[in-house]
A.B. asks: 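Shown below is the structure under consideration.
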Amino acid sequence: MERKKRTAPSIVAMKGAGEKIAVLTAYDFTTARILDEAGVDVILVGDSAAMVVLGYENTLPVSLDAMIVLTAAVSRARPRALVVGDMPFMSYQASIADAVRNAGRMVKEGGAETVKLEGGAKLAPRIEAILEAGIPVMGHVGLTPQSIHELGGYRVQGRNDATRARLLDDARALEDAGCFSIVLEAIPWQVGREITEAIGIPTIGIGAGPHTDGQVLVVNDIVGYVEGRTPKFVRRYGDAKSVVSQAAKGFVDDVKSGEYPTLEESY
Ligand code: KIV
């Protein structure tokens, strides 16, 4: 049976049905096809692309134009999964008008079906304005990497009563503003559960424990592209680095030795 196309309303309905939501990032056409065939519900073209695709130290430098190019590549895979375009740093912070115009570019030029913004209650007017333009919005609270300088680095959020209460307020405000789901990043699992139980829209956790309505991970992490230490919540499901490295070494050896190409591989 052909899988039904996922939409923002159908993702919301999954919470009501008690069906867990599987979200992965992708930044290119080929990977989007593979993830879609594997059955992911949502493909997030995350601004993590800044680090894992473009090699920056953090997510702050990636431009809206670059995010649109990557989002368009994913959209051209025409996935059954819902495509979320991540709004990069300074594409929505300066004004409501910027937020609407740039979310519109994500949809119009990038083919995104929804957009994601990082931040809590103070973003409500921007979210409402983007929704007025007919674009569904995914929120993102907890560790919000676009605010690393304000947060003092990549730290678990919501560890004390005051910050836990603020996170809960932020999640409620995002729901009230009209978000169709919220990413919860790097928070204690008890806080992930509390927020998930307190709001009616799906929560998508990354380092937020097992009780959220869905989980999101960066595709480069799960396939084993990344060297060295990864965050505690990352689970590796493959060893793509070895696969690519072995193939590349084999090619280099065959070229150097003259074993590639043969006449059968020639015109
Ligand atoms: O940019 C990204 O990949 C993200 C996820 C990690 C949630 O925002």
Side-chain angles (χ1 to χ4, degrees), residues 11 20-28 31-32 35 40-64 66-71 73-74 81-93 102-103 106 110 112 114-120 123 127 136-148 151 153-158 167 170-171 174 179-187 192 195-196 201-209 212-223 225-226 230-237:
I11 294 297
K20 289 275 188 180
I21 303 161
V23 184
L24 282 172
T25 66
Y27 318 99
D28 68 275
T31 307
L35 302 190
V40 300
D41 298 301
V42 178
I43 297 178
L44 168 65
V45 189
D47 65 353
S48 48
M51 301 165 81
V52 301
V53 177
L54 301 175
Y56 291 116
E57 275 211 356
N58 56 47
T59 61
L60 301 181
V62 69
S63 68
L64 178 64
M67 288 303 299
I68 287 173
V69 168
L70 302 177
T71 306
V74 167
L82 179 73
V83 177
V84 181
D86 212 359
M87 299 288 290
F89 181 57
M90 288 318 292
S91 67
Y92 58 95
Q93 282 89 346
N102 291 331
M106 266 290 192
T114 67
V115 296
K116 178 168 83 60
L117 273 60
E118 292 182 11
L123 281 187
I127 291 166
V137 178
M138 179 182 271
H140 183 158
V141 298
L143 170 53
T144 45
Q146 291 178 18
S147 313
I148 41 160
L151 298 176
Y154 296 96
R155 295 163 197 270
V156 175
Q157 303 295 304
L167 276 176
D170 280 337
L174 293 184
C179 284
F180 75 95
S181 65
I182 306 179
V183 169
L184 304 179
E185 179 163 353
I187 59 176
I195 294 174
T196 300
I201 54 173
T203 56
I204 311 293
I206 174 163
T212 54
D213 300 303
Q215 299 291 333
V216 55
L217 285 174
V218 169
V219 69
N220 299 53
D221 289 340
I222 69 155
V223 301
Y225 252 140
V226 178
T230 49
K232 185 180 181 179
F233 55 77
V234 169
R235 188 180 291 181
R236 219 171 254 182
Y237 291 89

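Both counts, for ligands and for their atoms, begin at 1 and track the order of listing. Just so it is clear, the values below take in all heavy atoms, side chains as well, and ignore hydrogens, waters and symmetry mates. Not measured: the values here are computed from a predicted model.
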A.B. asks: Measure and list all N/O to N/O distances between ligand 1 and the protein that fall under 3.5 angstrom.
C.D. replies:
unit_1: ligand 1; atom_1: 1 (O); unit_2: D47; atom_2: N; d: 3.1
unit_1: ligand 1; atom_1: 1 (O); unit_2: D47; atom_2: OD1; d: 2.9
unit_1: ligand 1; atom_1: 1 (O); unit_2: S48; atom_2: N; d: 2.9
unit_1: ligand 1; atom_1: 1 (O); unit_2: S48; atom_2: OG; d: 3.3
unit_1: ligand 1; atom_1: 1 (O); unit_2: D86; atom_2: OD2; d: 3.2
unit_1: ligand 1; atom_1: 3 (O); unit_2: S48; atom_2: OG; d: 2.5
unit_1: ligand 1; atom_1: 8 (O); unit_2: K116; atom_2: NZ; d: 3.1

A.B. asks: Of the non-hydrogen atoms in M106 and D86, which two are nearest, and what is the gap between them?
C.D. replies: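 Between these two residues, the closest heavy atoms are CE-O, 3.0 Å.
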
A.B. asks: Compare every heavy atom of P88 with every heavy atom of S91, then report the nearest pair and how far apart it is.
C.D. replies: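 Reported closest heavy-atom pair: OG-O, 2.6 Å.
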
A.B. asks: What closest approach, in Å, do G119 and V141 show between heavy atoms, and which atom pair accounts for it?
C.D. replies: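 Heavy atoms of G119 and V141 come nearest at O-CG1, 3.6 Å.
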
A.B. asks: What's the shortest heavy-atom distance between T31 and A26, and which atoms?
C.D. replies: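 Looks like CG2-CB, 4.3 Å.
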
A.B. asks: Once rounded to the nearest 0.5 Å, what's the spacing between atom CD1 of I148 and atom OH of Y154?
C.D. replies: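 It is 4.0 Å, given to the nearest 0.5 Å.
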
A.B. asks: Keeping to residues at least two apart or across chains, list the side-chain hydrogen bond (donor to acceptor under 3.5 Å, both in side chains) pairs with something in residues 40-54.
C.D. replies: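 Residue pairs passing side-chain hydrogen bond (donor to acceptor under 3.5 Å, both in side chains), neighbours aside: R6-D41, Y27-S48, D47-Q146.
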
